[in-house]
Amino acid sequence: MTVWMKPLTCSGLMLLCLSLSGCGTLMRGLAPYEPQLYPATRDVLHSTRNDLCWSYYICPLLLVGLPVDLVVDTLLLPGDALRVAHQER
């Protein structure tokens, strides 16, 4: 393997992982949801309980994106907490 192919391969793998991650966060922005804390993380964890998810090999892709969903949900936590507090009133 030449010197320039190893960094190129690593960059390609990182780009692939990043493009497959964050599915729950994307769905959070597209679908209307009831205000709750950590909605994308909950959706991903709920989806992995389904046998159909595992039979179509979707769950490994969801689990790859779980850290991204967790980080984004944590960053958006103050806004989500305000929405939950306003809903309870």
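Since we're looking at a predicted model, the values are computed, not measured.
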Mind checking the OH-CG spacing from Tyr38 to Asp43? Nearest 0.5 Å is all I need. 14.5 Å

How close do Ser47 and Cys59 get, counting heavy atoms only, and between which atoms? O-SG, 4.1 Å

With hydrophobic residues grouped by side-chain heavy-atom distances under 4.5 Å, do Val84 and Leu70 end up in a single group? yes

Roughly how far apart are Arg42 CZ and Asp69 CG, rounded to 0.5 Å? 14.0 Å

Indicate yes or no for a side-chain donor-acceptor contact from Asp73 to the backbone of Ala40 under 3.5 Å, with no hydrogens or angles considered. yes

Rounded to the nearest 0.5 Å, what separates atom CG in Asp80 from atom CG in Leu75? 11.0 Å

